[in-house]
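If you're wondering where the values come from, they're calculated on a predicted model, not measured in any experiment. Just so it is clear, the values below take in all heavy atoms, side chains as well, and ignore hydrogens, waters and symmetry mates. Letters A, B, ... mirror the listed sequences (proteins, then strands); counts begin at 1.
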There are 2 protein chains.
Amino acid sequence: MRTTDERKISEFFKALSHPTRIAIVTNLLKNKKCVNDIRDLVKVKQPNISQHLSLLKLNGIVDWHQEGKMRCYYLKNPQLIKDILEILKKDEN
Amino acid sequence: MRTTDERKISEFFKALSHPTRIAIVTNLLKNKKCVNDIRDLVKVKQPNISQHLSLLKLNGIVDWHQEGKMRCYYLKNPQLIKDILEILKKDEN
DNA sequence: GTTATATATTCAGATATTCTAATAAATTAA
DNA sequence: TTAATTTATTAGAATATCTGAATATATAAC
């Protein structure tokens, strides 16, 4: 039996606990991208990319908007992601 | 096939992707604690606490030293944990 | 409408994680 | 050495996650 806070925080970490999702998120740091662009950059098959994207969306990390026939995904809070990754890089793990 | 960086970062997140481990880590933020103290604070059975602690140790998040018959666990880089949790709290999720 | 393109969903098998219960190991005190 | 205390390990069942393959859906262009 744990607090809501502990669960929310651990859910956030779990959402980022897969190398492919880290790759997606770091690619989105620069700018929004559509699914097939992400697929090409991350080099993972499209259905799998979509699966990871939907998990990231479910956890409030990304969102998307339609542009023509493409879905553009973007980080909902890029500064948050940037700050956390920055701290981790500094830690020199 | 992912980069070493992506794997390391996702491993770090995975280590923190469980509510019990978040509870452990936030309790250790204040000061080091022995296993049974953690058990009492986090309210999880001792073997399970030990399992989570060993995972946190494996991932370089905690370490321990012996004090009499007790093992005192502490955060290896408390500032890192503090900073990341601080950022998440600010984000008001 | 049809076609092509872009993306999402579903299913199933493989793998990983989690918890509990039981037990083992290590340390200290007597 | 024995007993008590503290912590770790193991095994097994339940659950969750991950991936690939196949398929479905949505949008735009024609």
To the nearest Å, how far apart are [X] [atom1] and [N] [atom2]?
X: His65(A); N: dA26(D); atom1: NE2; atom2: P; result: 20 Å
X: Leu58(A); N: dA8(C); atom1: CG; atom2: P; result: 13 Å
X: Asn36(A); N: dT27(D); atom1: CG; atom2: C1'; result: 14 Å
X: Arg39(A); N: dA6(C); atom1: CZ; atom2: C1'; result: 9 Å
X: His52(B); N: dT18(C); atom1: NE2; atom2: P; result: 6 Å
X: Leu56(A); N: dT17(D); atom1: CG; atom2: C1'; result: 14 Å
X: His18(B); N: dT15(D); atom1: NE2; atom2: P; result: 14 Å
X: Ile38(B); N: dT6(D); atom1: CD1; atom2: P; result: 14 Å

### Task
Kindly indicate whether the side chain of Asp5(A), heavy atoms from C-beta on, has any atom under 4.5 Å from the side chain of Lys89(B).
yes
#### Entry: Min side-chain heavy-atom separation Glu67(B)-Lys32(B) under 4.5 Å
yes
Nearest of [options] to any side-chain atom of [X]?
X: Met70(B); options: dT6(D), dC18(D), dA8(D); value: dT6(D)
X: Val35(B); options: dT7(D), dT19(D), dA8(C); value: dT7(D)
X: Gln51(B); options: dT5(D), dC19(C), dT17(D); value: dC19(C)
X: Pro47(A); options: dT6(D), dT17(D), dT9(C); value: dT9(C)
X: Asn48(B); options: dT20(C), dC18(D), dA8(D); value: dT20(C)

### Query
According to a strict under-4.0 Å criterion, is Tyr73(A) in side-chain N/O contact with OP1 or OP2 of dA8(C)?
yes
### Residue met sooner reading DNA chain D from 5', once Ser17(A) and Lys45(A) are mapped to nucleotides
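First, find each residue's nearest nucleotide; the 5'-ward one identifies Ser17(A).
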### Nearest-nucleotide 5' precedence on DNA chain D, Arg71(A) against Thr20(A)
Thr20(A)
### In one Ile/Leu/Val/Met/Phe/Trp/Tyr side-chain cluster, 4.5 Å: Leu29(B), Ile61(B)
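Yes, because Leu29(B) and Ile61(B) connect within a single hydrophobic cluster, where side-chain heavy atoms sit under 4.5 Å apart.
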### Task
Could you tell me how the ring of Phe13(B) sits relative to the ring of Phe13(A): parallel (under 30°), tilted (30 to 60°) or perpendicular (over 60°)?
parallel
### 5' precedence on DNA chain C between Gln46(B) and Lys69(B) (nearest-nucleotide basis)
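The residue whose closest nucleotide sits nearer the 5' end is Gln46(B).
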### Query
Once you round to the nearest 0.5 Å, how far does NZ of Lys33(B) lie from CD1 of Ile24(B)?
12.0 Å
### Query
Using a cut-off of 4.0 Å on non-hydrogen atoms, how would the nucleic acid contact of Lys14(A) be classed: base, sugar-phosphate, or nothing?
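Lys14(A): backbone/sugar contact only, no base atoms under 4.0 Å.
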